Amino acid sequence: IGSALIDLLLQVAEVEVKRESLSPKMRESLESAGRRTDGYFVSVPAFAHSVQRQSKTKSLGYLVLRSQAKAMMDLTQEDMLRFVAPKHRPMLVEPRRWKPSAEHPEGGFLMQPAPFIRTTDPSVTCLRWYSPQRVVQVMDSLGRTPWRINRRVLKVMEEVKRLDLAIADVPPNSDPTLRKWEEIEQEAHQNEVGPEGIKKLRIEHHNARKRKQELQSERPTFELKLQVAKDFANAPRLYFPHNVDFRGRTYPVPPHLNHISDDICRGLLVFAESKPLGKDGFFWLKVTLANLLGKNKIPFSERVALVDSQKELILAIARDPLADESVAFWSQADDGPWQALACCFELADAWNSGDPESHLCGQPVHLDGSCNGLQHYAALGRDHAGGTAVNLTPSDRPQDVYTVVLKIVKEKVEKHASAKLRKKPSGEDDLSDDDEEPVEQPEAAAQARKNKSRGTPTAVRKQNAERLIELGVLQRKVVKQTIMTICYGVTTVGARQQVLGQLEDMVGDQVDHGELKVLARYLAGLVLKSIDEVFERAMLIKSWFDTVSAMLNKLQRPTSWVSPIGLACVQPYKEKRFITVLTKQQQVSIADVDVKTVHKCKQRMGFPPNFIHSLDATHMMLVASACEREGVTFAGVHDSFWTHPATAAKLNVIIREAFIELHGRPILDEFREDIRVQLGGLEPPELPAQGELDLETVRDSPYIFH
């Protein structure tokens with residue numbers, strides 16, 4: 001029925017345009033449909049139906065407003081977005097308390113329904129048979145945290161958009177000019193541009209086309225966030241109802257503006273209640289600004305000194321945030337330009353007040369976990385070396401696991417680059433290092449020719465290593481994302497894509513995409529090997545998780561467990577059976593959710609990261625519960641915990657105590673006993689041996705979250 005109605009709309013909705021404005025392709029299309037095109041004005045359909053490929057296996061149909069119709073309506077993109085009213089928006093009153101159930105949950109919004117557990121299959125929530133009361137209490141507590149819009153940041157953001165400055169992730173108002181490649185190539189040949197010049201032009205054209213495609217989603221996404229902020233700019237209090245996914249991770253229900261989103265959203269939000277900074281609060285506000293500037297690898301005292309040294313510049317930023325010197329400072333903040341600007345405003349207000357410790361402040365400060373997934377792995381395995389690398393043990397300075405891994409990666413690359421090649425009897429180059437793995441000699445002539453044309457693996461490895469050093473891309477940010485996600489199940493392919501993305505950002509304007517893919521493949525392999533060396537015990541636990549999940553797969557049972565906070569976690573991955581429905585416009589594939597066969601690959605690959613996610617979710621909930629008891633304002637973003645500057649020191653203590661409480665339980669032993677029951681008599685493998693990490697030392701480690 002829906003397709004038939006769309007078909008009618010396509011037939012009857014028309015606009016009149018001048019014949020001379022029609023493209024040859026449009027004119028041909030109209031004539032083939034039997035429409036007249038010989039008049040001064042020509043009627044053309046106002047809408048068009050198109051199908052766009054999203055991936056190798058998925059395409060989506062769209063109903064598109066033609067440019068001619070849009071021009072006649074004289075609407076800006078902002079005006080167009082007003083037709084798209086978000087279903088879930090921030091609330092002006094406290095959310096209703098949750099009453100979870102499998103079919104008809106109550107809570108959150110007063111009128112709009114929302115699920116308590118985010119899932120497409122309500123049967124896996126197990127809410128028919130139990131009630132997760134501790135989780136419910138935390139969700140109610142998080143939903144009652146009041147927020148408001150930071151109007152000063154909003155004003156600057158609107159001005160940046162109006163002036164089309166395109167800074168701090170605010171997209172430009174128009175797309176970059178994109179010429180056809182054929183025109184560029186023809187012009188290059190006429191000007192006798194050489195092969196290297198052609199290659200550079202091709203890279204520039206590829207990047208311009210990619211950027212134009214990115215802006216198609218970035219611009220409307222930004223506009224939606226900005227529109228919600230403007231709509232609620234004068235509200236004294238905002239509330240965000242929260243729900244959880246099947247692992248227990250919490251999420252605000254309103255999607256377009258919330259503190260869990262990107263820096264633009266976070267910069268626009270402050271706590272509705274302001275509290276005096278006090279001595280501790282003034283200290284932690286400076287620490288937060290230093291963190292946002294990317295200076296979180298130095299002791300707290302040095303971060304404060306760094307901010308104090310920039311006092312005059314920060315005061316100038318507050319007076320004129322869009323002056324050239326001001327923009328150069330805050331818009332380049334590594335971990336959040338708009339949040340950095342908000343902190344500059346607060347610090348300037350505190351200094352200008354004459355009594356900074358009495359200044360009322362609602363700006364959130366953050367305490368972030370040090371590669372939190374690996375922290376949980378290190379605690380599970382009592383891994384002292386791994387725990388030290390992620391700040392579970394006391395230290396005068398914060399440890400940086402990314403730098404530790406990067407050092408090993410650099411050593412491997414330098415070793416490959418400096419290795420001398422020698423000639424094999426077959427005439428091929430090989431590395432002279434004695435400890436390198438031997439390369440099998442090709443026996444067939446065809447294989448020999450293939451190797452000769454592309455170089456032996458060892459020779460190619462040397463070339464890749466030399467190229468990486470030449471480009472200067474062996475930096476912390478290249479390895480960071482892969483290290484962060486290794487405990488969350490990143491695959492070899494995923495690691496390559498992560499490294500490739502970083503390489504494209506760094507040298508994509510000077511290196512061909514094909515060469516970058518080769519370099520990313522080589523570098524990602526080294527990063528994964530280096531991580532295994534640093535976190536050997538964590539990888540043993542991950543391997544044990546894989547084995548257990550494979551045993552459950554053989555019984556066609558989804559991998560399930562009960563998190564330490566009492567949430568029943570069941571992985572929802574099943575084989576999908578699609579039913580294809582043919583309509584007047586396109587075919588539509590509908591997934592059958594009643595299939596009982598588990599998706600073995602997703603069950604096995606998803607279990608290690610999902611189990612760790614359930615632990616970080618439990619830790620966050622333990623912290624939230626303790627904060628409510630202590631009267632500390634709290635907001636959480638998975639492994640980033642927020643509060644007022646005045647209560648940051650207390651939150652730091654609560655975080656450490658909750659971590660010790662969580663991992664003081666025999667989590668893996670309890671899970672193994674649970675699995676023994678699920679396997680129906682089959683014996684799960686023995687747990688990997690534990691190390692010598694003393695969890696009590698966490699109590700004296702100030703940088704576990706910093």
Side-chain angles (χ1 to χ4, degrees), residues 134-135 138 247-250 367-395 398-399 401 484 486-488 534-545 548 561-569 607-627 629 634 636 638-641 651-675 684 686-706:
R134 293 185 69 185
V135 178
V138 174
R247 306 160 301 187
R249 278 198 152 190
T250 64
L367 296 178
D368 299 341
S370 303
C371 203
N372 189 237
L374 289 172
Q375 287 181 324
H376 287 291
Y377 264 121
L380 286 173
R382 301 297 192 267
D383 181 358
H384 190 276
T388 299
V390 290
N391 293 303
L392 295 188
T393 58
S395 175
Q399 302 300 307
V401 63
M484 288 176 62
I486 187 66
C487 49
Y488 299 137
V534 177
F535 293 96
E536 181 180 2
R537 200 172 296 278
M539 295 304 103
L540 289 175
I541 296 174
K542 185 173 179 293
S543 178
W544 185 83
F545 284 154
V548 168
W561 65 99
V562 177
S563 75
I565 199 71
L567 182 71
C569 305
F607 174 51
N610 287 334
F611 189 87
I612 297 300
H613 277 314
S614 74
L615 296 185
D616 68 44
T618 296
H619 182 222
M620 192 274 282
M621 292 186 193
L622 292 174
V623 171
S625 297
C627 284
R629 292 193 300 269
F634 177 82
H638 304 324
D639 58 356
S640 177
F641 300 159
L651 176 61
N652 194 305
V653 174
I654 290 173
I655 288 170
R656 285 177 272 169
E657 293 295 336
F659 193 89
I660 294 171
E661 177 188 349
L662 169 62
H663 286 284
R665 296 180 53 170
I667 295 174
L668 290 181
D669 292 291
E670 291 175 353
F671 174 64
R672 186 175 184 275
E673 288 303 310
D674 187 22
I675 289 297
E686 292 296 325
L687 289 166
Q690 292 199 322
E692 299 176 353
L693 175 66
D694 181 4
L695 281 180
E696 292 297 318
T697 62
V698 170
R699 190 171 281 113
D700 301 317
S701 177
Y703 295 109
I704 178 175
F705 274 61
H706 65 99

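Keep in mind the model is a prediction, meaning the values are calculated, not measured.
Taking both residues in full, the closest heavy atoms of Asn652 and Pro702 are given as ND2-O, 3.6 Å, listed atom of the first, atom of the second, then distance. Smallest separation of non-hydrogen atoms from Cys569 and Ser614: SG-CB, 4.3 Å. For the residue pair Gly386 and Ala378, the shortest heavy atom distance occurs at C-CB, 4.0 Å. The nearest pair of heavy atoms linking Thr250 to His638 is O-CE1, 3.5 Å. The two atoms that bring Pro398 and His706 nearest to each other are CB-CE1, 3.9 Å, heavy atoms only. In plain terms, the two heavy atoms of Pro684 and Ile675 that are nearest each other are CB-CG2, 4.1 Å.
Counting heavy atoms from C-beta outward, Leu615 and Leu380 have side chains that approach closer than 4.5 Å. Contact annotation: the side chain of Leu392 approaches that of Ile704 to within less than 4.5 Å [non-hydrogen atoms, C-beta and beyond]. By the 4.5 Å heavy-atom criterion applied to side chains, Glu670 and Glu673 are not counted as neighbours. A heavy-atom distance below 4.5 Å is not found between the side chains of Thr393 and Asp694. For the pair Lys542/Ile612, no side-chain contact is recorded, criterion being any heavy-atom separation below 4.5 Å from C-beta on. In this structure, the side chains of Phe705 and Asn372 come closer than 4.5 Å at one or more pairs of heavy atoms. Cys627 places a side-chain heavy atom less than 4.5 Å from the side chain of Val623. Using a 4.5 Å heavy-atom cutoff, the side chains of Ile565 and Leu622 are in contact.
Using cut-offs of 30° and 60° on the angle between ring planes, the pair Phe671 and Phe611 is tilted.
Panel note: side chain Arg134, backbone Gly566; no donor-acceptor pair is recorded below 3.5 Å. Judged purely by atom type and a 3.5 angstrom limit, Gln375 uses its side chain to pair as donor or acceptor with the backbone of Val390. A donor-acceptor pair under 3.5 Å is formed between the side chain of Arg537 and the backbone N or O of Ala689. Looking only at distances, a side-chain donor or acceptor of Ser625 sits under 3.5 Å from a matching main-chain atom of Met621.
Checked against the 6.0 Å centroid criterion, the rings of His663 and His376 qualify as a close aromatic pair. The aromatic ring centres of Phe535 and Tyr377 sit 6.0 Å or more apart.
In this structure Leu687 satisfies the side-chain contact (heavy atoms from CB on, under 4.5 Å) test together with Trp544, Leu668, Asp669, Arg672, sequence neighbours excluded.
Atom CG of Asp700 and atom CZ of Arg656 lie 7.5 Å apart (nearest 0.5 Å). Taking CG of Asp639 as the reference point, atom CE of Met484 lies at 7.0 Å (rounded to 0.5 Å). Rounding to the nearest 0.5 Å places CD of Glu696 at 13.0 Å from OG of Ser701. Residue Gln399 holds its CD atom at 7.5 Å from OG1 of Thr388, rounded to the nearest 0.5 Å. The CZ atom of Arg249 sits 4.0 Å away from the CG atom of Asp616 when rounded to the nearest 0.5 Å. Atom CG in Asn610 sits 12.5 Å away from atom OG in Ser563 (nearest 0.5 Å).
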side-chain contact (heavy atoms from CB on, under 4.5 Å) between His619 and Ile655: does it pass, once the steps are laid out?
-> CA-CA 8 Å; His619 182 222; Ile655 288 170; 3.8 Å; yes
What's the verdict on side-chain contact (heavy atoms from CB on, under 4.5 Å) for Leu662 and Ile667, showing C-alpha distance, side-chain angles and the deciding distance?
-> CA-CA 8 Å; Leu662 169 62; Ile667 295 174; 4.0 Å; yes
